[in-house]
2 protein chains.
Amino acid sequence: MKLDDIDRSILRTLQRDGRIQNIELAREIGLSPSPCLRRVKLLEDAGVIKGYSAVIDAASVGYGVTLFARVWLTHQDSTTISRFVEAIAAMDQVVECHLMAGECDALLRVVAADLNDYYRFQADHLSRVDGVSNVKTDVPMQTVKTGRGIPISRR
Amino acid sequence: MKLDDIDRSILRTLQRDGRIQNIELAREIGLSPSPCLRRVKLLEDAGVIKGYSAVIDAASVGYGVTLFARVWLTHQDSTTISRFVEAIAAMDQVVECHLMAGECDALLRVVAADLNDYYRFQADHLSRVDGVSNVKTDVPMQTVKTGRGIPISRR
DNA sequence: TCTGAAATTGATGGCTT
DNA sequence: AAGCCATCAATTTCAGA
């Protein structure tokens with residue numbers, strides 16, 4: 001699907017405020033409500049907008065820390081990897097998992113109540129997964145950019 | 001703010017579908033629309049719900065790849081760090097930036113049109129930032145968990 | 001705090017330009 | 001492809017339980 005300036009404008013606004021009312025969205029981008037809504041539906045149907053989500057404060061629901069874990073596997077064959085992926089899928093605390101092409105085999109983003117909670121998770125669960133040979137944890141001290149939202153250029 | 005089961009239920013649902021109508025949200029969690037809306041407002045006011053966002057398909061807006069860059073700085077003093085942070089803040093392609101406590105000094109998530117686009121970004125912009133001594137890029141081959149959403153236990 | 005009704009406001013679709 | 005307008009549905013407020 002090819003996007004024009006108005007579409008990009010809609011995307012930028014909806015990324016910033018996913019619950020904006022159509023009537024106000026239309027005002028912001030300078031269109032009347034009907035064509036605005038039509039465009040939004042088209043963007044949804046085309047999969048450009050994949051969904052909407054409330055952004056929840058992790059600390060408020062008991063997750064005080066977010067950590068990154070780099071994982072090395074014993075082997076890189078498909079059996080080892082798919083077993084690992086399956087185990088990771090079942091771990092709620094792992095909110096993100098990328099299989100990597102470089103030095104390490106996987107990069108995880110993990111949420112935990114605190115560092116102790118994380119250490120327990122790593123020692124009792126992550127490190128015991130079949131095929132995991134090594135885990136290195138990177139601890140953020142301060143988050144400068146939050147990662148919600150991608151840049152959508154004006155042109 | 002302390003959350004009860006209904007609040008958690010609301011959060012879980014709104015995280016999955018941030019644009020769900022209040023009337024349907026109320027049905028799902030087994031409440032009538034008025035108290036449901038009141039709870040949502042309270043959660044918003046308390047900062048438990050930080051906002052709402054449309055989830056946009058990066059590829060559709062021209063970002064084919066997401067990469068992680070680990071950055072080492074020449075020094076860890078506040079001047080070097082704050083200059084680095086300022087430079088990073090101005091780079092739209094950097095969607096996430098954490099200052100780290102361990103081996104490396106910063107972990108970035110960067111979006112780019114393709115690998116060439118990223119290499120240009122790294123060579124022409126990131127590596128030239130004052131205080132940056134070393135950059136190592138980790139390339140995801142496959143993303144197994146997407147990282148939108150945190151677990152909210154039923155209890 | 002919830003329920004239920006009433007009033008305001010927005011969403012939605014057909015038709016015209 | 002956008003604007004206008006009529007209809008329908010949801011949001012929001014406020015009484016009472």
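All chains are named by letter (A, B, ...) in the order of the sequence lines, taking the proteins before the strands, and each is independently numbered beginning at 1.
- Heavy-atom distances under 4.0 Å link DNA chain D to A/Leu31, A/Ser32, A/Ser34, A/Pro35, A/Arg38, A/Arg39 of residues 21-40 of chain A, given in residue order.
- Between A/Lys41 and C/dT12 there is a side-chain N or O to OP1 or OP2 distance below 4.0 Å.
- To the nearest 0.5 Å, the span separating CG on B/Leu108 from CG on B/Asp138 amounts to 11.0 Å.
- Cluster membership for B/Met141 and B/Tyr119, using ILVMFWY side-chain heavy atoms within less than 4.5 angstrom, is not shared.
- In this structure, A/Arg19 forms a cation-pi arrangement with B/Tyr52, its terminal cationic atom sitting closer than 6.0 Å to the ring centre and no more than 45° off the ring axis.
- Residues satisfying the ring-ring contact (aromatic ring centres under 6.0 Å, His included) criterion with A/Phe84, sequence neighbours excluded, are absent altogether.
- Scored by the side chain to side chain contact (heavy atoms under 4.5 Å, CB included) test, B/Thr80 finds B/Leu73, B/Thr74, B/His75, B/Asp77 as partners (sequence neighbours excluded).
- Ring pair A/Phe121/A/His125 is parallel by interplanar angle, where below 30° counts as parallel and above 60° as perpendicular.
- Interface residues of residues 49-57 of chain A facing DNA chain D, ordered by number: none; criterion, heavy-atom separation under 4.0 Å.
- Under the rule for a salt bridge (Lys or Arg N to Asp or Glu O under 4.0 Å), A/Glu24 has no partner lying at least two apart in sequence or in another chain.
- Not counting sequence neighbours, the partners of A/Pro151 by the side chain to side chain contact (heavy atoms under 4.5 Å, CB included) test are B/Tyr63, B/Asp92, B/Val95, B/Val111.
- Atom CZ in B/Arg19 sits roughly 14 Å away from atom C1' in D/dT11 (whole-Å rounding).
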